[in-house]
Structures are given as structure tokens and as C-alpha cells.
Amino acid sequence: MDIVLGRSNRGVLLWQLDANGQMVIEPQLVTSLEQEVARREAGPMSPRWVWDDTSRWYPELIRAGVRVRRCVDLRLSRAIIRRSPLTAETPMARAAFASWDQPTPEPRSPVGAPSAGTLFDWEPETADDPTVEFFEQLAAIEGATDPARLRLLLAAESAGSLIAAEMKFAGLPWRADLHEALLTDTLGSRPRSGERPAKMQQILEVVRTALGAPDLNPDSPTELLRALKLAGIEAASTRSWELQNIDHPAIAPLLDYKKRARILSSNGWNWLETNVISGRFHPDYVPGGVVTGRWASKGGGGALQLPKQVRGAVVADPGWVLVVADAAQLEPRILSALASDRAMAEAGQAGDLYAGIVASGAVDTREQAKLAMLGAMYGATSGEAGRLLPRLAKSFPRAIALVEEAARAGERGEVVSTRLGRGSPRGAVPGWDETSTVAEKERVRAQAKSWGRFTRNFVVQGSAAEWALCWMAGVRQRVFELGDSAPSRAGANAGASWLRNSPHLVFFLHDEVVVHCPLDLAASVETALRAAAVDAGRLLFGQLPVSFPISVAAVASYADAK
DNA sequence: GACGGCTCCAAA
DNA sequence: AACTTTTGGAGCCGTC
């Protein structure tokens, strides 16, 4: 059963729909959202909550200790429907840009500050009415080429929005004391603001001496490049990978300095102070924030770029563990499934896909297999990856043909699609006329090639993101059920009791999840993670013989996961 | 001083 | 000149 929520100047409005999607009663004014949602969630048939934007509704419910099983995030759903090839012929896809295509506006009048008027004097512009939007979306789904796929995608996307809000609230367990010890160890003790930590300063002096540049500021690429040149080092840039190849006494300490400077600026004391509160790191995830469907993160400390070096500060609470699970070689496996490439699926059966590719005789070493696969998915044309590609194509023609076709489609300016129907953005239509110069033609061709690499990667990265969403949604459901059946722990009555009693997701990184879990439930959580991975493969690819193995480790510290 | 472009590097 | 995808953030530096 679906329940639509909306805001009016009198408070929250609730529309209840019956099984046929008809409104059964006029909207009711809700006096306590938390109580209303909690009451209906406790019933035998938990509803599907339909709202404009999960990030505007769910956090306050979570804070009140209320958990929601299912929802529809209208804004995320609309974004998918508007761009999906599956719905290209529907009115919603053809309609002009509307307010629903923009970020959710701030509520016009805050709840709790009702203006004068009768109960139902709220007359939203039709365009803003969530029931109207919801019905239009349902119609678009009905009119889709493959409604089942689209429904799965939208359900997964909305489940993701719930998970993002729950993970932000729960936070990743973070030991500030360990983080500080790590900083002191690699940088020296915390300096006054504006100064360099002692160890960095020492290394810098070595660099300055070796270059004969006593005042060098190595953080300025311009200055550094000039100092290198004066010391007789011809470098086109100051990138580490380029400096690596230079034989000069200044290079090793310089690279060392850059490494440490990076930690200081991205995850130093400032980061710690602003992002770790009461032993938790609360990242701002943005579901669907990347064109391919991957999540992004905004502000909040760069959750999706969390360096391996600081993961030692991520430590489970006493009596708890972190169950870290990683979908091994997800993208190449997704590719083999997308292409129904049985040879590649077989190569992946034993557990290590790259070893399987070597065993098939396609290439000679595991490193080659990995390089060639990445090159195939990214569109590498030169270097070793480019050279290996023909050998890969010979052994796995279907998989390689799939990415090649995606690339050609992009070059022609066509839309490509993920497994469940997320559409790529429309590329610029390539073309030139007789007046174009050779250089212009070359530039157009280069742009088309570049867009082809994007669409090539889009189908794989985007489908992998769908697998990950389905996996995580399954993990969430299974793991909460574990908590429900677990013996009640002390203080389980008020607020978000699932945080204190149940295993729950605390981190997500594209193909990896972390569950914070009471010690005695670790084995059950592992089972849940593996079962959800199997489910995700079935949901996306049915009975295709492609496996998606995951590695699971129950650890005290994230740094020990692999 | 604010702003934006650029460079560099972290993740998958 | 670049040559392999998607991102976010910090610092530098020129411009307004």
C-alpha cells in the first residue's frame, strides 16, 4: 500500500492509496508525523512511503527513532524516468523541464508555524502536488518498454536514499585518539596554525638543500617547477608519477613530503575537528549523485575518498565488530553478465577472474589480465592495455563487443543504458561541414572518441552501481531482521534503538560495505551479506551463470580488512 | 576579500 | 598534446 506525504502551510498532509493506486480518502492532516509513521510501520503491511525527497523527510524520523522499510523518492525516481530509454516514449520523458527536475526547495512555510485558514485551504500548484507527480510516474512506468526492470531500479534507488540517511545518522565509528596518534607519527605533533608540522619541515629542508632553493614552497607547483628547472631537472609537471622517474637526490624526499602534505591537508587535524563528532564520522552521501548512478558525497569530509592510511582510526565499539564486505572484481563480472559471455563467466567461477582469464590462455600473467580488462572497460587504446586488447577480444568476443558497441553508440551521439535502464546523458551530436578546417574536424573526432569512452564505461560502471544498490538494499533488510530477533539489550526503548542493538550499515564505497555489528552476530551478518549478493545477481541477471563473490572480514579495525 | 580556474591527489 | 572512466577537496594564484 502506498501513502503519499506532502507539506502544506498547515502541516503534513497524508494521502492513502488502495491496492489499485486509487486515493481511498481525502488527505488528512497529520499531527505527529513520527507517531503516524511509527504506527503504520508497526502494522502487518508496512506501507511504501511516497515523498518528494528522502533527505527532507527521513532524517527527522530517524532522529525520533522511527525506521521506514520502503519508500519512493519522487525526485530520484523522476530523474531516472526522464532519462531512461525504457520510458523515452512516455509523456514524462517528453515534458519540459519542471520544478520536480530541480533540487527540493526549502519549505515555503515551516511546519509548526501554521498561517490562518481552514484545514484544506492548501492549494498547491498542480506541478508541486506529490500525488500528481506520483501518478504521472506510475503511468510512465506502466508505459515503459520493460516495467519490471524499471521498477527494480527505482526501488533500489529509493532504498539507497533510505540507507544514505541511516548511515549518515549512525556514522562510522571513529577513534579520534588513534587518528591523532597516526598524525603525530607521520607528521609530527600538531603545529600552530599556518606552520608546518616538524617532520614535514625536516623533510622539506632536505628538499630545499638538495635543490639549492632555501625558500622553496613545495606546495606551489609553479615555484616547485622553477626550482626543479634551476637544479637541472626538466619536468613537465610536478605530478608524483612523473617525478618518480627522475634520478636526483631531491626527488625521494620531495615525494615523501608530498605524501605527508596530502594527509595533512585532506585528513589532518582540521578534518578531524570538523568531521568527527562524539566518535563518529557522519558523511553526506548523495545517492544518484554521479551520472552513472554511483553515489557522490558532498561536504562532510570526502567520504568516498577516505584514504587507506587513515582507516586505522575506524574501530568498532567495545563488544562490536566491523564486518567489511567487498564485491571482488565487480565491474568485469558485471561486464561478463551484461554480455552473457559464458567464457568470461567461466573464467570467474573459481573466485579470481583474472587468474581465470590467464588459465583460459588469453593472456600470460594476472597483471596483464587486470590491465587488459580495465583497458577494455575504460577504452584504453595505447600502451600495454591497448596491445593486449585484441588477445582479450579473441578469447571473450561477446564481452569486448558489448563495450565496443557502447563506445560506438556514444560516438554517434546515442544514448546507452545500464542493465536496469538508467540512460546516459545525451551527447553532443558530432559533425562538421565543408568549411571545417582539418584541425576542427580532428577536434570533433577527438570529442566523439572521448564521449565514446564515457558511454563505454557508463554501461559497466552504471550496471555495477545497480548491483551494489540491490546488494545493499538486501543487506539492510536482512541485517535489520537479525536485530529484531536478537535478544533485547539494555536501554533499547528510546530513540534509535537499532543503533544500539542491531547490526547496521555504517559505510558504503561503490562496491564495498561496512556493517557495525555486535560480536555475537558477526557470523549471521556474514551470511546475510553473502545471501544478499546472490540475490542481487539474480535480480539483475536472472539465471545467468555469473557469480558475484564477495570477500568478508570481521575486524576490529577497518585497516585490517585487507 | 571573494571567486573561479587550475593543479594535484585520494577513492572506486 | 594526449594517450583510461567517474568523482570531491585543498591549496595556489590571477582577477575582480
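Note that these values count all heavy atoms, side chains included, but never hydrogens, waters or copies made by symmetry. Residue numbering restarts at 1 for every chain, and letters A, B, ... go by the order of the sequence lines.
Going from the P atom of C/dA1 to that of B/dC8 covers 15 Å, rounded to whole Å. Comparing the C1' positions of B/dA10 and C/dA2 gives an interatomic distance of 23 Å, to the nearest angstrom. Taking the C1' atoms as reference points, B/dG5 lies 24 Å from C/dT4, given to the whole Å.
Between the C1' atom of B/dC9 and the CG atom of A/L255 lies a distance of 13 Å, rounded to the nearest Å. Atom NZ of A/K370 and atom P of C/dT4 are 18 Å apart (whole Å). One interatomic measurement links the two molecules: CD of A/Q305 to P of C/dG8, which rounds to 7 Å at whole-angstrom precision. Between the CD1 atom of A/I263 and the P atom of B/dA10 there is a distance of 9 Å, given to the nearest Å. Here C/dG11 presents its C1' atom at 12 Å from NZ of A/K258, a figure rounded to the nearest Å. Computed from coordinates, the A/W271 CH2 to B/dA11 P distance equals 14 Å when rounded to whole Å. Distance CG (A/N267) to P (C/dG9): 12 Å, rounded to an integer number of Å. If you take CG of A/L304 and P of B/dA11, they are 12 Å apart, rounded to a whole angstrom.
A close approach under 4.0 Å does not occur between any side-chain nitrogen or oxygen of A/T292 and OP1 or OP2 of C/dT5. One finds a side-chain N or O of A/K259 lying less than 4.0 angstrom from the OP1 or OP2 phosphate oxygen of B/dA10. Checking the phosphate oxygens (OP1, OP2) of C/dG9, no side-chain nitrogen or oxygen of A/S265 falls inside 4.0 Å. Listed pair A/S240 / B/dC9 meets the phosphate criterion, a side-chain N or O lying under 4.0 Å from OP1 or OP2. The shortest distance between the side-chain N/O atoms of A/T381 and the OP1/OP2 oxygens of C/dT4 is below 4.0 Å.
Of the candidate nucleotides C/dT7, C/dT4, B/dA12, C/dT7 has the atom lying nearest to any side-chain atom of A/V290. Distances were taken from every side-chain heavy atom of A/S382 (C-beta onward) to each of C/dT6, C/dC3, C/dG9; the shortest belongs to C/dC3. Side-chain atoms of A/T238 lie closest to B/dC8 of the nucleotides B/dC8, C/dG8, B/dA12. Considering only side-chain atoms of A/N457, the nucleotide from C/dT5, B/dC8, B/dA11 that sits closest is C/dT5.
Judged purely by distance below 3.5 Å, without hydrogens or angles, the side chains of A/T104 and A/R75 pair a donor atom with an acceptor atom. For the residue pair A/Y257 and A/R262, no side-chain donor N or O sits within less than 3.5 Å of a side-chain acceptor on the partner. Side chain to side chain, A/D352 and A/Q329 meet the donor-acceptor criterion of an N or O pair below 3.5 Å. Donor-acceptor pairing under 3.5 Å is lacking for the side chains of A/S463 and A/T418. Side-chain atoms of A/Y354 and A/E367 form no donor-acceptor pair, as typed in the model, at a separation below 3.5 Å.
Other residues, nucleotides and ligands place no more than 12 heavy atoms under 6.0 Å from the CD atom of A/Q477.
Salt-bridge formation is detected for the pair A/D364/A/R391: a Lys NZ or Arg NE/NH1/NH2 atom is positioned less than 4.0 Å from an Asp or Glu carboxylate oxygen. Under 4.0 Å is where a charged nitrogen must lie from a carboxylate oxygen, and between A/R294 and A/E331 at least one such pair does. At a threshold of 4.0 Å, the pair A/R408-A/E411 counts as salt-bridged, since one of the basic side-chain nitrogens sits closer than that to a carboxylate oxygen.
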Please tabulate the protein-to-nucleotide N/O contacts below 3.5 Å involving nucleotides 13-16 of chain C, giving atom names and distances.
{"unit_1": "C/dC13", "atom_1": "OP1", "unit_2": "A/S220", "atom_2": "OG", "d": "2.2"}

Nucleotides 4-6 of chain B: which of its N/O atoms have a protein N/O under 3.5 Å away?
none

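Residue A/R311 is classed as a sugar-phosphate contact, given heavy-atom separations below 4.0 Å to backbone atoms only. Residue contacts for A/R294: at a heavy-atom cut-off of 4.0 Å it reaches a base atom on one of the strands shown. As judged by a 4.0 angstrom heavy-atom cut-off over every strand, A/V460 is placed among residues making no nucleic acid contact. Among the atoms of the strands shown, none is found under 4.0 Å from any heavy atom of A/K449. Nucleic acid contact class of A/R239 (heavy atoms, under 4.0 Å, all strands): sugar-phosphate only. A/G375 comes within 4.0 angstrom of nothing in the nucleic acid, heavy atoms only.
A/H179 and A/W271 have their aromatic ring centers within a separation under 6.0 angstrom.
A side-chain contact (heavy atoms from CB on, under 4.5 Å) with A/L228 holds for exactly one of A/L211, A/L216, A/I246; it is A/L211.
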